[in-house]
Amino acid sequence: MNAESPLLRMDNVQLSIHQTPILQDISLQVQAGQTLGLIGESGSGKSMTALSIMQLLPRGSRQTGSIRFQGQALEKLPEAELCELRGSDIGMIFQEPMTALNPVKSIGEQVGESIRLHRRLSRDEAQALTLRTLERVGLPNTKFPLNRYPHELSGGQRQRVVIAIAIACQPRLLIADEPTTALDVTTQAGILELLKSLQQDEGLALMLISHDLAVVSNMANDIVVMHKGRIVEQGGLGAVFGSPAHRYTQMLFDASALTQVSHGPAVQTADADVVGVEMAARVSPINSDSRSTPTPTPTPTPTPTSTSTSTSTPTPTPTPTPTSAPASAPASAPAHTSAVSAAPHASTSPLLQVENLICEYPGRRIGLFSHAPAFRAVDRVSFDIQHGESIGLVGESGCGKSTLTRALLGLMHLHDGRIRLNGEEVSAAHVVSRAARQQMQVVFQDPYGSFNPRHRVGRLVSEPLHVLDEPPERKATQRRVASVLESVGLHADDSNKFIHEFSGGQRQRIAIARSLIIEPSLIILDEAVSALDVSVRAQVLQLLDTLAREQGLAYLFISHDLSVVQRVTERVMVMQHGQIVEQGDTAAVFVNPQHPYTRELLAATPRLRIPSS
């Protein structure tokens, strides 16, 4: 690390809450104008380290050690001085903007509040600074007036408001706790570029907390790796990522490398050499192993890879190879990308057929007897899913993915088009029938938000049984719950626990168990792993792979994370403005995209890069 006096220094910091150890011997430094990447799994202590710096600790906390900012011992400052420091010299961007923002206050009020608290400005001066700050983060007043509320903005726009609040008083240190989690790739790229420009213009130091190693590798100068409340490794980016010394760091690196987008090199050094993707060659896309032709290898691997191409969905019309994808790229694509052989699926007729689907939202009232034109969220979408097939759906927020999901699940009215399940039309009344919904289940992004915290796991998992015409009796239900919990790697006794007693990855396993209990043919996964850290995400994806092979499930993966889609799907559809603009074999689309929007999404995806140490 830099020999100069650090802006922030933590020495032997220990933290316990109600006598339970949380942080142990934390020592790190953040240099002025530099970026420190803090990485590790959920529960490793990253956020508690940030809250210790801010001195925003819960009741029952006991902290020892030294935290010095610009030479001041933060743990010795009275609360009044800490309040002056927070927001003015140290800013913080929280992970969930909708939670960090006040829903009943306009964005102008919330940014202006920070300015008025820390600067002695008149009302007009504060408003002028508020306007300049919001414009600086990409929210000009001409398009985003100060009287807008958080619910009127998209996820990326709300995150920009949170950043505006954090930088309004020009802090010396900015702590960003998962600032791009659950954002689509283009929005994420915009937020990261904004943070870079702010750092260059203001010279502020940045502590970037993230589970996405690709994001950290493109932003950080130094790395700190945390595990179970301890720092297990730290140093320069090139040293830690190029030659990790600790086994846990190597595990994080391998788990991240498993899901790297292959449009261009997956993991790169400063001179563009591909490294560290040996593990990726040993992981197959979901459902591909039973229909693929193994590639001869010197030594056997757990799952054979495939080099054949799909015949289920040919590319509609050939177009010239774009300059962003070299003609030789397909031959050098990593072996873990999706590849399906010419062997047909077990059933010749598709499991699900969607034909010219249209979904609209009514326009807002513009007069006593008139409304604005309806907004078409899904515009003549057609696709099919074969039995046992895994297909991906990608696109930015607002492109129509969630509306399409709701339509398939029978949660909204269809304005036109048809949906067939196993060859039979199930949308005759412009809504999917109850019988069809029994064959389709969904796993949402936030498992905690999709469960009632007052009920035990056994009741939560058994909820779908109530849609059956003849639900099983109590003892049969208990046996079914125990069986499905064990199938996702949990224990039968977990049915007696509450959802808050589980980690994020375990909650997602419970959500998957709930979707399996009525033995559906199709599971829709709506951003099911986007908020999980890399190691837990790899475990959940492996679980889905196992379930697909054992139970013959078909999956529709809806995600903004292109690396996950590439890892687990055979075919992919790209959605923009309510339309499918490109679809085909996942490997072909990712390596040689035909549509400009697909190329834009791939270009915006951060790749794990290792600069020379």
Exercise. If you measure from the Lys or Arg side-chain nitrogens to the Asp or Glu carboxylate oxygens, is any gap between Lys401 and Glu396 under 4.0 Å?
Worked result: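 Glu396 and Lys401: not salt-bridged.
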For this session: State plainly whether the residues Asp384 and Arg571 are in salt-bridge range, i.e. N to O under 4.0 Å.
Result: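 Salt bridge between Asp384 and Arg571, a charged N being under 4.0 Å from a carboxylate O: yes.
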For the [atom1] atom of [X] and the [atom2] atom of [Y], what is their distance to the nearest 0.5 Å?
{"X": "Ile518", "Y": "Glu463", "atom1": "CD1", "atom2": "CD", "answer": "12.0 Å"}
{"X": "Leu602", "Y": "Tyr597", "atom1": "CG", "atom2": "OH", "answer": "10.5 Å"}
{"X": "Thr546", "Y": "Gln551", "atom1": "OG1", "atom2": "CD", "answer": "10.5 Å"}
{"X": "Ile524", "Y": "Arg406", "atom1": "CD1", "atom2": "CZ", "answer": "12.0 Å"}
{"X": "Thr605", "Y": "Phe590", "atom1": "OG1", "atom2": "CZ", "answer": "7.5 Å"}

For this session: Look at the aromatic rings of Phe498 and His500 and report parallel, tilted or perpendicular, splitting at 30° and 60°.
Result: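 Ring orientation, 0 to 90° scale: parallel.
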For this session: Over 60° means perpendicular and under 30° means parallel, so classify the ring planes of His151 and Tyr149, tilted if in between.
Result: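 Tyr149 vs His151 ring planes: parallel.
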Flag side-chain contact, heavy atom, 4.5 Å: [X] against [Y]:
{"X": "Leu404", "Y": "Phe383", "result": "yes"}
{"X": "Arg509", "Y": "Leu543", "result": "yes"}
{"X": "Ser450", "Y": "Arg514", "result": "yes"}
{"X": "Leu544", "Y": "Val568", "result": "no"}
{"X": "Asp212", "Y": "Gln188", "result": "yes"}

Taking atom types as modelled, is there a side-chain donor on [X] or [Y] under 3.5 Å from an acceptor on the other?
{"X": "Thr569", "Y": "Ser390", "answer": "no"}
{"X": "Tyr361", "Y": "Thr403", "answer": "yes"}
{"X": "Ser382", "Y": "Glu355", "answer": "no"}
{"X": "His211", "Y": "Glu41", "answer": "no"}

Exercise. Would you find a donor on one side and an acceptor on the other, under 3.5 Å apart, between the side chain of Glu425 and the backbone of Ile419?
Worked result: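 No, because the side chain of Glu425 does not come within donor-acceptor range (under 3.5 Å) of the backbone of Ile419.
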